[in-house]
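Notes to accompany the following structure.
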Number of protein chains: 2
Amino acid sequence: MQNNVNGNTEKRILEAAKHVFLQQGMDGTVMQHIADEADISRTSLHYYFRSKEKLYESVLQELVGRFIGQVNGIMTQDLPFPEKLKIIVHEYIELFKSNPVLPNFILHELNRNPDKIMLLLSEALHRDFRSRFTEELHGYNPDVSASQFMMSLISMCVFPFVARPLVHHLFFDGRKDAFETFVEERKTFVFDMLINAITP
Amino acid sequence: MQNNVNGNTEKRILEAAKHVFLQQGMDGTVMQHIADEADISRTSLHYYFRSKEKLYESVLQELVGRFIGQVNGIMTQDLPFPEKLKIIVHEYIELFKSNPVLPNFILHELNRNPDKIMLLLSEALHRDFRSRFTEELHGYNPDVSASQFMMSLISMCVFPFVARPLVHHLFFDGRKDAFETFVEERKTFVFDMLINAITP
DNA sequence: GTCTATATCGGGATAGAC
DNA sequence: GTCTATCCCGATATAGAC
């Protein structure tokens with residue numbers, strides 16, 4: 001690629017890095033791979049981002065930040081509890097549908113370096129979200145454990161994506177489109193389960 | 001360590017390797033670390049297992065094999081469906097309680113190399129398990145999607161373990177014992193949700 | 001800003017002594 | 001069987017030319 005007149009090389013690098021890091025993780029990624037993908041020489045990476053670690057940090061910040069942002073957007077809508085629940089499930093699954101490897105990346109990072117991620121999460125997440133959710137849940141049915149309930153919600157939405165190959169092979173023998181319809185049906189299935197769980 | 005008279009060095013290496021690989025994954029692991037943990041020189045590893053890859057293979061085989069074995073044992077008991085469900089959930093969670101990092105490891109490997117893992121899974125899993133489970137489920141309630149139901153069962157049991165730091169921080173601010181009781185309560189919570197889902 | 005050349009380091013693997 | 005010494009390679013990182 002010729003000399004960079006417009007200043008978008010940095011952006012291109014970040015895009016490439018995001019892509020590779022998402023797929024390979026920090027340990028599995030080699031800088032050359034990112035360089036190739038950004039159509040740039042390997043050393044030039046170090047011109048823009050002094051080290052691999054620094055580059056990784058940038059990507060991490062952006063990804064987690066964006067993720068948190070979207071989750072917050074979903075969680076803080078003002079509606080009757082069941083409607084809200086429906087939207088949360090729906091939007092959650094949509095989010096993962098359009099960012100297939102993101103949950104895996106965050107999960108991996110969460111275990112590699114829990115404190116760092118949880119710091120990002122805590123800073124970004126609305127302080128009072130949990131108590132508000134708990135309050136609304138208990139307004140609807142006070143006998144349900146909020147943490148168990150939330151955990152179930154998250155689990156059922158996220159896990160099929162982080163274990164996608166399992167779903168593919170176990171249920172559909174690798175048929176491509178089957179996963180799409182499975183995920184689509186999942187929205188109502190999960191919602192129904194949750195409603196059942198809190199309806200006395 | 002002195003010369004090995006009894007032949008348990010290999011075993012010790014496997015133990016150490018299992019431990020390190022489980023924590024760090026294939027990419028994150030360095031051979032020196034395993035050598036240290038086995039109290040042996042780094043080069044001796046190569047005497048027993050020609051390469052890192054080979055050593056990893058051995059560990060992987062054993063771990064996944066053992067895992068499959070236990071899951072199979074749980075799944076193939078002969079009981080009325082609801083009782084069976086209760087036992088499956090209970091045993092599943094117990095399995096993860098005593099092997100905290102195992103699910104993470106398998107999940108990671110599943111995404112790193114889906115075909116290899118799924119091959120191991122397919123070989124080991126009873127061919128007719130799914131159809132049998134589906135049959136029994138539909139005997140109890142024919143209107144429930146078997147794949148959605150199974151996915152929910154697995155998700156709710158496994159996910160809290162693979163996202164353990166999230167659970168810790170989000171719900172308990174890192175209190176150590178809280179996770180234990182959470183997991184204990186989870187057995188009945190998940191079971192109740194599943195029963196609710198299939199009771200017309 | 002981007003390249004080529006090079007330094008440095010770390011980890012996997014092998015040879016050979018004991 | 002286990003060690004020490006060494007080889008080799010690949011990846012990060014830097015210096016300096018253009």
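Each chain gets a letter, A, B and so on, in the order the sequences are listed, and its residues count up from 1.
- Below 30°, between 30° and 60°, or above 60°: for His168(B) and Phe179(B) the angle between ring planes is below 30°, a parallel geometry.
- Not a single ring pair (Phe, Tyr, Trp, His ring centres under 6.0 Å) links His169(A) to another residue, sequence neighbours left out.
- When the ring pair (Phe, Tyr, Trp, His ring centres under 6.0 Å) test is applied to His46(A), no partner is found at least two apart in sequence or on another chain.
- Within the structure, every pair that satisfies the side-chain hydrogen bond (donor to acceptor under 3.5 Å, both in side chains) test and touches residues 152-161 of chain B, not counting sequence neighbours, is listed here: Arg186(A)-Ser152(B).
- For Ser44(B), no side-chain nitrogen or oxygen approaches OP1 or OP2 of dG1(D) to under 4.0 Å.
- A heavy atom lying under 4.0 Å from DNA chain C marks none of the residues of residues 15-27 of chain B.
- Here Ile154(B) pairs with Phe159(A), Tyr92(B), Val158(B) under the side-chain contact (heavy atoms from CB on, under 4.5 Å) rule; sequence neighbours left out.
- Here CG of Asn72(B) is found 7.0 Å from CD1 of Ile68(B). Values are rounded to the nearest 0.5 Å.
- Here salt bridge (charged side-chain N to carboxylate O under 4.0 Å, His left out) pairs that include residues 95-104 of chain A, with residues two or more places apart or in two chains, are Glu94(A)-Lys97(A), Lys97(A)-Glu184(A).
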Letter by letter from the 5' end, nucleotides 13-18 of chain C scores (B base, S sugar-phosphate only, - none; protein heavy atoms under 4.0 Å) BB----
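- Each end of the helix from dG1(C)-dC18(D) to dC18(C)-dG1(D) gets its own rotation axis from five pairs of C1' atoms, and the angle between them is 0° to the nearest 10 degrees.
- As rounded to whole Å, 12 Å separates atom P of dG1(D) from atom CD1 of Ile13(B).
- Rounded to an integer number of Å, the gap from Leu45(B) CG to dT4(D) C1' is 15 Å.
- Applying the side-chain contact (heavy atoms from CB on, under 4.5 Å) criterion to Pro114(B), with sequence neighbours excluded, gives Pro165(A).
- Atom pair Asp39(B):CG and dG1(D):P shows a separation of 18 Å (rounding to whole Å applied).
- Every residue meeting the ring pair (Phe, Tyr, Trp, His ring centres under 6.0 Å) condition with Phe81(A), not counting sequence neighbours, appears here in chain and number order: Phe133(A).
- For the pair Ile34(A) CD1 and dA13(D) P, the computed distance is 11 Å after rounding to whole Å.
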Under 3.5 Å, which donor-acceptor pairs do the side chains of residues 188-197 of chain B form with other protein atoms, sequence neighbours left out?
{"from": "Thr188(B)", "atom 1": "OG1", "to": "Glu185(B)", "atom 2": "O", "distance (Å)": "3.1"}

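- Atom CG of Asp36(A) and atom P of dA11(D) are 11 Å apart (whole Å).
- With sequence neighbours excluded, the residues that form a ring pair (Phe, Tyr, Trp, His ring centres under 6.0 Å) with Phe182(B) are Phe172(B).
- Here the side chain of Val30(A) is nearest to one of dT4(D), dA11(D), dT4(C), namely dA11(D).
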